[in-house]
Amino acid sequence: MGDKVTVPAVRARKGGARLRMVTAYDNPTARIADKAGADIILVGDSLANVVLGHPTTLQVTLDEMIHHCAAVARARPRPLVVGDMPWLSYHVSVEEAVRNAGRFVQEGGAEAVKLEGGRKRIPVIEAVLAAEIPVMGHLGLTPQSVNAMGGYRVQGKDLETARGLVEDARALDAAGVFCLVLEGVPSVLAEVITRTVSAPTIGIGAGAAVDGQVLVFHDLLRFHEERLPRFVRPYAHLFDDAVAALAAWFADVESGAFPTAEESYSAAEEVAQALRSEVGPSGG
Ligand code: KIV
């Protein structure tokens with residue numbers, strides 16, 4: 001299915017064929033993303049919500065993220081594997097951020113890391129880049145700031161905050177991020193940022209005027225029963241399909257329709273007879 005996707009290859013997609021990014025959290029979801037033609041697999045901290053059952057992304061730990069990233073990397077996928085730095089793994093000090101990003105690469109097999117935030121993250125981004133680890137930026141509705149934002153709210157709706165986000169995007173671009181996720185911002189702001197920065201932008205709830213799109217695997221395939229945000233278009237209904245499949249199996253188990261002889265192992269007739277004679281006739 002083509003060559004391994006690299007950071008320079010992602011950069012080169014600016015203004016070109018739209019980038020296809022999806023989250024994955026384990027070996028099978030990574031294989032599905034790869035086979036379907038993803039360019040980038042993000043081992044997102046949305047792991048906290050859609051896999052681990054936490055209320056926000058703030059509960060997932062670096063160890064958990066690395067554990068899941070390693071399962072993704074073991075699929076040896078063609079897409080670039082990006083590890084999402086969880087909350088508090090890059091906030092305490094620049095040194096800690098570099099070490100934690102390094103763990104994502106060494107233990108998790110990530111080829112790049114993503115971190116949330118604007119100008120205040122520049123020292124961390126520069127230090128991680130100086131350690132030869134490519135960085136993907138993330139601006140707008142940054143879920144790790146849920147408490148500071150007072151909820152999951154579209155960001156940059158007024159001129160002042162929109163201008164602030166353009167400045168953040170410029171700063172991240174100048175620092176050298178290879179790609180920039182724009183989440184939960186008005187389409188016009190994503191369009192302006194996309195025209196302003198040299199790095200490709202990848203939108204989620206940011207309209208169509210960006211260089212690529214990303215969605216959460218479990219949202220896109222409706223692999224849960226939670227409410228979907230308006231920017232998610234479900235392309236399958238895996239939760240309902242899985243419930244129906246299990247219920248059908250349970251019904252077959254109950255009726256005895258499962259398993260059939262074809263789904264079972266046989267022994268030679270004389271072995272079967274000898275074994276049965278040892279317990280006598282089956283009772284009723
Ligand atoms: O954690 C995540 O899934 C993300 C994307 C949706 C951008 O950060």
Side-chain angles (χ1 to χ4, degrees), residues 10 18-26 29-30 32-33 38-62 64-69 71-72 79-91 101 104 108 110 112-118 121 125 135-146 149 152-155 165 168-169 172 177-185 190 193-194 199-207 210-224 226-235:
V10 170
R18 289 202 177 87
L19 286 160
R20 299 165 295 197
M21 179 160 94
V22 67
T23 66
Y25 313 98
D26 55 22
T29 54
I32 292 167
D39 298 304
I40 306 173
I41 291 175
L42 173 68
V43 185
D45 64 353
S46 49
L47 169 75
N49 313 100
V50 297
V51 176
L52 303 180
H54 290 300
T56 73
T57 58
L58 301 179
Q59 287 81 27
V60 71
T61 66
L62 180 66
E64 288 168 331
M65 289 298 302
I66 289 173
H67 174 82
H68 283 265
C69 192
V72 165
L80 186 77
V81 176
V82 179
D84 204 3
M85 303 277 290
W87 180 62
L88 228 51
S89 69
Y90 57 98
H91 303 73
F104 243 125
V113 296
K114 174 170 87 57
L115 53 88
E116 298 181 3
R121 301 282 172 247
I125 291 173
V135 177
M136 175 182 277
H138 186 164
L139 292 175
L141 193 174
T142 45
Q144 291 173 13
S145 315
V146 58
M149 292 182 308
Y152 297 105
R153 298 176 196 291
V154 173
Q155 301 293 300
L165 284 167
D168 283 336
L172 262 57
V177 298
F178 74 95
C179 195
L180 184 56
V181 171
L182 300 174
E183 176 166 358
V185 295
I193 290 176
T194 299
T201 56
I202 299 189
I204 173 164
V210 283
D211 298 303
Q213 296 286 336
V214 56
L215 282 177
V216 167
F217 186 96
H218 291 58
D219 291 346
L220 180 56
L221 300 180
R222 203 74 182 98
F223 204 7
H224 58 66
E226 305 303 316
R227 196 184 67 81
L228 290 178
R230 67 184 276 174
F231 55 80
V232 176
R233 186 187 302 172
Y235 282 80

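Each ligand, and each atom within it, is numbered from 1 in the order the structure gives.
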Those residues at least two apart in sequence (or on a different chain) that pass side chain to side chain donor-acceptor pair (under 3.5 Å) with S89 are none
Residues passing the side chain to side chain contact (heavy atoms under 4.5 Å, CB included) test with Q213, sequence neighbours excluded, are V210
| Just by distance, do the side chain of H91 and the backbone of L88 share a donor-acceptor pair under 3.5 Å? | yes
request  = Show your reasoning for whether side-chain contact (heavy atoms from CB on, under 4.5 Å) applies to V135 and F178.
outcome  = CA-CA 6 Å; V135 177; F178 74 95; 5.6 Å; no
Applying ring-ring contact (aromatic ring centres under 6.0 Å, His included) to Y25 and not counting sequence neighbours gives H218
Within the heavy-atom cut-off of under 4.0 Å, ligand 1 is lined by T23, L42, G44, D45, S46, D84, K114, H138, V181, I204, V216
_Just so I know, are the side chains of I32 and F217 near enough to count as touching, which here means a heavy-atom distance under 4.5 Å?_
yes
